[in-house]
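Here's the structure, in structure tokens; my notes come after.
We count residues from 1, following the sequence as given. Not measured: the values here are computed from a predicted model.
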Amino acid sequence: MAFKLFKNGDDLYEQGNELIKRGEFSKARNVLQKSIDKEGGEDDIAAVQVALIDMMGRLDDPQVYANLVNKLKALKADELDFGLTHIMRDPLLTEAELTYRKVGLLNQRAQKKDLEAVSSNLQTLAQDFQEKIGNEHLVIQEIFNNDTTVTGTTEFFNLMAVSYEALSDSVVWESPSQAAEYEQIAMGYRQQNGQSGSANEARVRAYGNTCRCWICNRIASGEGIHFYSAPADISPALALESEDEGTNKNRAPDNKHIYICRACYSGVSNRANEIALGYHQKAMAELRATEARLQAEIAALQREISTLRMMRSN
């Protein structure tokens, strides 16, 4: 039986494809790259396969989608295999282009910058997923997550929900009630997508909640944004003199928490931090002074020991 010591490009290309089928993607990438360098097999297909392998663990990196788009545009064939998955070029190209936009917008959403523009762009992208992919599943999710439930339609609902959540974040500082309405819409889209929408529901309740500050008596709306619930020891007499209903409520019904507006809460917290920092600095200064005294005493003791040794040696 003949044994090839040095494999040519065609051999490397075939070996790379076999490694992909076995799920040995790291080895497959190296072999396929060598195949490209030796101009073996189908270089443009190998380049797409390498681009797909490079996406592993990086599905939230827009650069990998940009790279895949470039390789697909250079692909002459209409289809290719990636392991046991048969892929049509044009649908994958469409998916990669749309997902590139998606990842970029979600990164902007996370940074909470230009949220109104991000929301508008997310809605446009959601419609593109619906129109261009529809009920077809996403190939990249199938390859890397073995998930065929993610479709253009599910992406539509998901992105529409995220767009309204972005709108909610953009107005919650000025209008918690409007933010609650946007969260309500987002919850509807999530529920149509088979999700519970519980996080949206919690924000709807919080943003719609109104209280009167226990400390300054100011009315504030939007729990967790413009006022906070703080644990407190409320005696029966104080409970009788306070409110726990309507917009005048200044404590929780359990009589274990009081409501404090953001201004009072931050003022108390900042002052507490200043006091704690002062105590910390004082404690550290005393610790350093004690350390200095101990070091001086140790040095004096060492000098005394040295003197005694010298006297004994003489």
Side-chain angles (χ1 to χ4, degrees), residues 60 105-122 161-187 190 196-288:
D60 57 352
L105 286 171
L106 292 181
N107 287 342
Q108 291 181 49
R109 163 77 177 91
Q111 295 170 7
K112 297 190 175 181
K113 295 179 180 178
D114 300 322
L115 288 174
E116 290 186 10
V118 168
S119 174
S120 177
N121 290 332
L122 282 170
V162 175
S163 76
Y164 278 99
E165 289 163 358
L167 278 179
S168 175
D169 283 350
S170 73
V171 302
V172 71
W173 283 97
E174 292 77 23
S175 178
S177 60
Q178 182 65 67
E181 291 181 17
Y182 288 140
E183 290 289 344
Q184 186 79 42
I185 296 171
M187 181 174 67
R190 292 207 177 277
S196 69
S198 57
N200 302 107
E201 185 177 12
R203 287 192 288 269
V204 168
R205 289 196 302 268
Y207 295 167
N209 201 5
T210 300
C211 80
R212 185 180 295 276
C213 177
W214 181 280
I215 298 176
C216 72
N217 216 33
R218 179 182 287 108
I219 292 178
S221 297
E223 185 173 358
I225 301 293
H226 300 292
F227 77 89
Y228 299 94
S229 174
D233 184 8
I234 306 174
S235 66
L238 288 174
L240 288 173
E241 294 178 1
S242 62
E243 296 282 349
D244 67 348
E245 295 181 357
T247 58
N248 285 324
K249 61 186 177 185
N250 57 11
R251 61 179 172 85
D254 62 6
N255 286 337
K256 295 180 181 179
H257 293 78
I258 59 175
Y259 296 135
I260 308 176
C261 74
R262 187 181 187 90
C264 290
Y265 186 90
S266 61
V268 172
S269 298
N270 291 340
R271 182 55 185 152
N273 290 338
E274 290 174 359
I275 293 171
L277 178 60
Y279 280 120
H280 172 75
Q281 291 174 336
K282 182 180 179 181
M284 291 302 296
E286 292 177 352
L287 181 61
R288 285 191 290 270

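- In terms of heavy-atom proximity, Arg109 sits nearest to Leu115 at O-CD2, 4.2 Å.
- Atom-to-atom distance recorded for Asp114:CG and Ser120:OG is 12.0 Å, nearest 0.5 angstrom.
- Gly197 and Arg190 make their closest contact through CA-CB, 4.4 Å (heavy atoms, listed as atom of the first residue, atom of the second, distance).
- One finds the OH atom of Tyr182 at 10.0 Å from the OG atom of Ser163 (value rounded to the nearest 0.5 Å).
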Requested in this report: Given side chain to side chain contact (heavy atoms under 4.5 Å, CB included), test Ser177 with Ser221 step by step and report yes or no.
Outcome: CA-CA 8 Å; Ser177 60; Ser221 297; over 6 Å; no

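- In terms of heavy-atom proximity, Glu223 sits nearest to Asn209 at OE1-ND2, 2.9 Å.
- What you find for Val118 and Leu105 is that their closest heavy atoms are CG1-O, 3.9 Å.
- Looking at heavy atoms from C-beta onward, Ser170 lies out of side-chain contact with Ser119 at the 4.5 angstrom threshold.
- Proximity of a side-chain donor or acceptor of Ser168 to a complementary backbone N or O of Tyr164 within less than 3.5 Å is not detected.
- Although no hydrogens or angles enter the test, the distance criterion places a donor-acceptor pair under 3.5 Å between the side chain of Ser269 and the main chain of Tyr265.
- Nearest heavy-atom pair, Asn250 versus Cys213, reported as atom, atom and distance to 0.1 Å: CB-C, 4.5 Å.
- For the 3.5 Å distance criterion, the side chains of Gln184 and Asn200 fail to qualify, holding no donor opposite an acceptor.
- Distance check, rounded to the nearest 0.5 Å: CG of Leu106 to CG of Leu122 gives 6.0 Å.
- For Gln111, the CD atom is densely surrounded, since the number of other residues' heavy atoms within 6.0 Å is greater than 12.
- Atom CG of Asn270 and atom CD1 of Ile275 lie 11.0 Å apart (nearest 0.5 Å).
- Looking at Ser242, its side chain does come within 3.5 Å of a backbone N or O of Leu238 through a donor-acceptor pair.
- Counted by atom type alone, Asn255 and Arg251 present one or more donor-acceptor pairs between their side chains at under 3.5 Å.
- For the pair Leu167 and Glu116, the minimum side-chain heavy-atom distance is below 4.5 Å.
- Contact annotation: the side chain of Glu183 approaches that of Glu165 to within less than 4.5 Å [non-hydrogen atoms, C-beta and beyond].
- Proximity of a side-chain donor or acceptor of Arg212 to a complementary backbone N or O of Lys249 within less than 3.5 Å is not detected.
- The minimum heavy-atom distance linking Val172 with His226 is given by the pair O-NE2, 3.0 Å.
- Around CG of Asn107, the count of heavy atoms belonging to other residues, nucleotides or ligands within 6.0 Å exceeds 12.
- For Tyr259, the ring-ring contact (aromatic ring centres under 6.0 Å, His included) test picks out Phe227, with sequence neighbours left out.
- Residue pairs satisfying the side chain to side chain donor-acceptor pair (under 3.5 Å) criterion with at least one member in residues 272-288, sequence neighbours excluded, are listed as follows: Arg271-Glu274.
- Atom CD1 of residue Ile234 and atom CD1 of residue Ile258 lie 6.5 Å apart, to the nearest 0.5 angstrom.
- Applying the ring-ring contact (aromatic ring centres under 6.0 Å, His included) rule to Tyr207 yields no partners; only residues at least two apart in sequence or on another chain are considered.
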